[in-house]
Visitor: 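Provided herewith is a single structure, encoded as structure tokens, for subsequent inquiry.
Keep in mind that what you see is a predicted model, and the values were worked out from it rather than measured.
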Amino acid sequence: PLIVTVLLSCYWILPIALSGKVSHNIAISTGLFGGDMNLSQSLAFFHPYWDSGRNAPPGTVQPTPAYLFMLPILALFGLLKAKRFSDLGFYLIVLIIGIILTKQTASPFPNLYLWLFKNFPGFNAFRESSKFYLYTALGYSVLLAASTAVFQKSPRRFLKYIPLAFLCLIFLLDTKSFITGQIKDMFQAKSIPIEYQIFAKKISSNEDFYRIMWVPSNSQWSYSDTNHPRVSSYLVFMERLQPLLALYSRYKPVVNPSSTTSHNYEILNIFNQDVSPTYFQLMGIKYIAVPPIDPIKVDDLFNNTYGLYSDRPALINFLNSLSYAVKEPSVNGIDLYSLKNPVSKMYITNLPISLENLSAISPITYKRNNSVKYQIQLSNESQTQFLHFSESADSGWTLIEDNKPNVPFPHDELSEKLGLNSFKIDQDSNLEPGSTRNLTLYYAPQKFVNYGLIVSGVSLLAILLYLISPKVKI
């Protein structure tokens, strides 16, 4: 089973392994969190934030129900079923691994999870430990079944049903909040609010590329597609601009526009700088959008639950004061601002760029073949040029000249401190000044995805042939 699983998963295992992005991958580069797990919760197979219908604020640690400790007690009886350790030993080991990992940084072995997170290839994908409850579930499922079998051998009839009765009781107590309707929010029937449907229709009708920045952050309903990606102002500030602004010589700290809240008002600093309009242009941002108040509390970005800036009227007044943002008609409660500068996915400059030097960027046209390949035409200039591609910086992006496919242009590391991909393009002395140069920008690790798809596809076909016709020898 393990070999089959690996073969079928080659479509994603191969590209991550062969591209050298197991440890440094934008998809799994977030930090470790979830320090509320402990050993008693892991033993009881209980998540600390499961509120059983109390409708507590997200992130509130809940007490572990006492009845769940029947699980480890019944599992111990299951071990009595084993005539040899090999009968149940594997599942006991799986259970122990699950319990040790799901407790995360709690005692015992408080540093184990952190060490694995930092040193074991691929483990940094598990930024919190609840994913390992799968191992706990697998271990308990077999040991509890064995426990039931132990009691089935009892000469006393009523003892035969004790484990089954306890398991049914645990199930009923766990599902009580569903049966009574106590659980709301997450299990409440929802549909895309009409304002977001109208907004999606407005945006999707335009085929031009541009991004939409949501302030303070995007809702789960915020529209996004290949040509119109959504951007969270909170993440832009926290992950990109905050460390850069700390070193910016002309940094102008924002004054909190609210008299009722101060939490995370610092994100407004991304709008308050002299380079803000040009930075947004470089990011390909055409619109700034503010989500409406959501009547469902858990979905409302302004209810203080998520630690975001919560004074919506003050936020609107602040955005109204920006000289480079034009207020557009609201879309059923979604406030919208358009930015004056023309946007593109690619820009050209004559110098490396930084916050200190972000004044002369020129958008260029390009042809998008697919999400990992673009065709570009540039003039052969006498001075060095710098091409900037506004996707997140990744060394896998490669720029080549079509007649020199084996000589990629170098990345410009200074410009890429802004978080995008930049390439240094020197003059081609073999071409006349002003003549056209045909370039291709592509994502090199995509070839490993293709290799993996072939391996997974062939493996799947072989398995299907084997299942359909057992006599066929693979």
Visitor: Give me the atom names and distance for the closest heavy-atom approach of Met37 to Ala106.
Guide: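 It is O-CB, 3.6 Å.
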
Visitor: Side chains of Thr261 and Phe302: closer than 4.5 Å at any heavy-atom pair?
Guide: no

Visitor: Would you say the side-chain atoms of Glu416 pair up with the backbone N or O of Ser422, donor to acceptor, closer than 3.5 Å?
Guide: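 Looks like yes, one N/O pair under 3.5 Å.
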
Visitor: Is Glu391 salt-bridged to Arg211, going by a charged N under 4.0 Å from an acidic O?
Guide: yes

Visitor: So Glu328 and Lys202, do their side chains get closer than 4.5 Å, heavy atoms only?
Guide: no

Visitor: So does Ser415 get a backbone contact from the side chain of Ser354, meaning a donor-acceptor N/O pair under 3.5 Å?
Guide: no

Visitor: Apply the test ring-ring contact (aromatic ring centres under 6.0 Å, His included) to residues Tyr223 and Tyr196: give CA-CA distance (whole Å), side-chain angles for both, the deciding distance (0.1 Å), then the verdict.
Guide: CA-CA 7 Å; Tyr223 181 75; Tyr196 287 99; over 10 Å; no

Visitor: Is the shortest side-chain heavy-atom distance between Leu164 and Phe151 below 4.5 Å?
Guide: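 No, too far: nothing below the 4.5 Å cut-off.
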
Visitor: Can you find a pair of side-chain heavy atoms, one from Leu315 and one from Pro216, that are under 4.5 Å apart?
Guide: yes

Visitor: Are any side-chain N or O atoms of Ser456 and backbone N or O atoms of Leu8, one a donor and one an acceptor, separated by less than 3.5 Å?
Guide: yes

Visitor: Quick check: closest heavy atoms across Arg312 and Val290, and the distance to 0.1 Å?
Guide: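 Arg312 and Val290 have their closest heavy atoms at NH2-O, 3.4 Å.
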
Visitor: Please report the shortest heavy-atom distance between Leu88 and Ala146, naming the atom on each side.
Guide: CD1-CB, 3.7 Å

Visitor: Under 4.5 Å between any side-chain heavy atoms of Met213 and Ile270, yes or no?
Guide: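 Counting from C-beta outward, Met213 and Ile270 do come under 4.5 Å.
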
Visitor: Looking at Ser392, is its backbone amide N or carbonyl O close enough to the side chain of Asn421 to form a donor-acceptor pair, meaning the two atoms are under 3.5 Å apart?
Guide: yes

Visitor: Would you confirm whether Arg240, through its side chain, and Gly419, through its main-chain N or O, come within 3.5 Å as a donor-acceptor pair?
Guide: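 Indeed, once roles are kept as given, a pair shorter than 3.5 Å links the two residues.
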
Visitor: Roughly how far, to the nearest 0.5 Å, is the CD atom of Gln446 from the NZ atom of Lys373?
Guide: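 These two atoms lie 11.5 Å from each other.
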
Visitor: Any chance you could measure Leu68, atom CG, to Leu173, atom CG, to the nearest 0.5 Å?
Guide: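 Reported value, rounded in 0.5 Å steps: 8.5 Å.
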
Visitor: For the residue pair Tyr309 and Tyr234, establish whether any side-chain heavy-atom pair is separated by less than 4.5 Å.
Guide: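 When only atoms from C-beta onward are counted, Tyr234 and Tyr309 do not touch, as no gap falls below 4.5 Å.
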
Visitor: Where the side chain of Gln152 meets the backbone of Lys160, is there a donor-acceptor pair that is under 3.5 Å apart?
Guide: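 Yes; at least one donor-acceptor contact below 3.5 Å.
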
Visitor: Looking at Tyr251, I want to see if its OH is surrounded by more than 12 non-hydrogen atoms of other residues, nucleotides or ligands under 6.0 Å.
Guide: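 Yes - once you tally the heavy atoms of other residues, nucleotides and ligands closer than 6.0 Å, there are more than 12.
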
Visitor: Grab the two heavy atoms, one from Asp36 and one from Gln41, that are nearest each other, plus how far apart they are.
Guide: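 That would be O-OE1, 3.2 Å.
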
Visitor: Could you tell me which residues satisfy side chain to side chain donor-acceptor pair (under 3.5 Å) with Ser129, sequence neighbours excluded, listed by chain and number?
Guide: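 For Ser129, the residues satisfying side chain to side chain donor-acceptor pair (under 3.5 Å) (neighbours in sequence not counted) are Gln104.
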
Visitor: Decide whether Glu207 and Asn227 meet the rule of one side-chain donor and one side-chain acceptor closer than 3.5 Å.
Guide: no

Visitor: Any heavy-atom pair between the side chains of Lys103 and Ile99 that's under 4.5 Å?
Guide: no

Visitor: For His411, is there any backbone N or O sitting under 3.5 Å from a side-chain donor or acceptor partner on Glu413?
Guide: no

Visitor: I'd like to know if the side chain of Thr260 pairs up with that of Asp311 as donor and acceptor (distance under 3.5 Å, no hydrogens or angles considered).
Guide: yes

Visitor: Could you pull out all residues at least two apart from Tyr279 that satisfy ring-ring contact (aromatic ring centres under 6.0 Å, His included)?
Guide: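 Testing Tyr279 for ring-ring contact (aromatic ring centres under 6.0 Å, His included), a comparison that skips the adjacent residues, returns none.
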
Visitor: Nearest 0.5 angstrom please: Ser232 OG to Ile267 CD1, how far?
Guide: 7.5 Å

Visitor: Output the distance between atom OG (Ser42) and atom CG (Leu101), rounded to the nearest 0.5 Å.
Guide: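 These two atoms lie 9.0 Å from each other.
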
Visitor: Ring pair (Phe, Tyr, Trp, His ring centres under 6.0 Å) with Tyr443: which of Trp397, Phe389, Phe448, Tyr374?
Guide: Trp397

Visitor: Please report the shortest heavy-atom distance between Ser390 and Leu282, naming the atom on each side.
Guide: CB-O, 3.3 Å

Visitor: Assess whether ring-ring contact (aromatic ring centres under 6.0 Å, His included) is satisfied between His228 and Tyr210, documenting all intermediate values.
Guide: CA-CA 5 Å; His228 313 104; Tyr210 55 82; 4.6 Å; yes

Visitor: Are Asn218 and Val231 close enough, and set up right, to give a side chain to side chain contact (heavy atoms under 4.5 Å, CB included), and what steps lead you there?
Guide: CA-CA 7 Å; Asn218 57 276; Val231 178; over 6 Å; no

Visitor: Can you confirm if the aromatic rings of Phe271 and Phe280 lie within a centre distance of less than 6.0 Å?
Guide: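 Distance test on ring centres: under 6.0 Å, yes.
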
Visitor: As an exercise, state the distance from OG of Ser40 to CZ of Phe46, rounded to the nearest 0.5 Å.
Guide: 9.5 Å

Visitor: Side chains of Pro291 and Leu301: does their closest heavy-atom pair fall under 4.5 Å?
Guide: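 The answer is yes, as the side chains (C-beta and beyond) meet within the 4.5 Å cut-off.
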
Visitor: Please collect all salt bridge (charged side-chain N to carboxylate O under 4.0 Å, His left out) contacts where either partner lies in residues 131-144, sequence neighbours excluded, each pair once.
Guide: Glu128-Lys131

Visitor: Quick one, Tyr67 with Phe166, criterion ring-ring contact (aromatic ring centres under 6.0 Å, His included). Give me CA distance, side-chain angles, the key distance, then yes/no.
Guide: CA-CA 9 Å; Tyr67 62 83; Phe166 273 116; over 10 Å; no

Visitor: Between Asn370 and Tyr442, is there a side-chain donor-acceptor contact under 3.5 Å, judged purely by atom types and distance?
Guide: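 Short answer, no.
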
Visitor: Taking Leu172's backbone N and O only, do any of them form a donor-acceptor pair with Thr175's side chain (distance below 3.5 Å, no angle check)?
Guide: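 Such a contact is found between Thr175 side chain and Leu172 backbone.
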
Visitor: Say whether, by atom type as modelled, one donor and one acceptor occur between the side chain of Ser224 and the main chain of Arg230 under 3.5 angstrom.
Guide: yes

Visitor: Looking at every non-hydrogen atom in both residues, tell me the closest pair between Pro15 and Pro445 and how far apart they are.
Guide: CB-O, 4.4 Å

Visitor: Using modelled atom types only, decide if a donor and an acceptor are shared between the side chain of His47 and the backbone of Tyr49 within a distance under 3.5 Å.
Guide: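 Flag set: sc His47 to bb Tyr49 pair under 3.5 Å.
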
Visitor: Would you please test Trp221 and Phe199 for side chain to side chain contact (heavy atoms under 4.5 Å, CB included) and show each step?
Guide: CA-CA 10 Å; Trp221 310 116; Phe199 186 80; over 6 Å; no

Visitor: Show your reasoning for whether side chain to side chain contact (heavy atoms under 4.5 Å, CB included) applies to Phe126 and Leu116.
Guide: CA-CA 10 Å; Phe126 304 101; Leu116 291 170; over 6 Å; no

Visitor: Yes or no on side chain to side chain contact (heavy atoms under 4.5 Å, CB included) for Gln273 and Leu355, after CA distance, side-chain angles and deciding distance?
Guide: CA-CA 10 Å; Gln273 310 307 317; Leu355 284 186; over 6 Å; no

Visitor: Taking atom CG of Leu74 and atom OG of Ser147, what is their separation to the nearest 0.5 Å?
Guide: 5.0 Å

Visitor: Surrounding CD1 of Ile192 (heavy atoms of other residues, nucleotides or ligands, distance under 6.0 Å), is the total greater than 12?
Guide: no

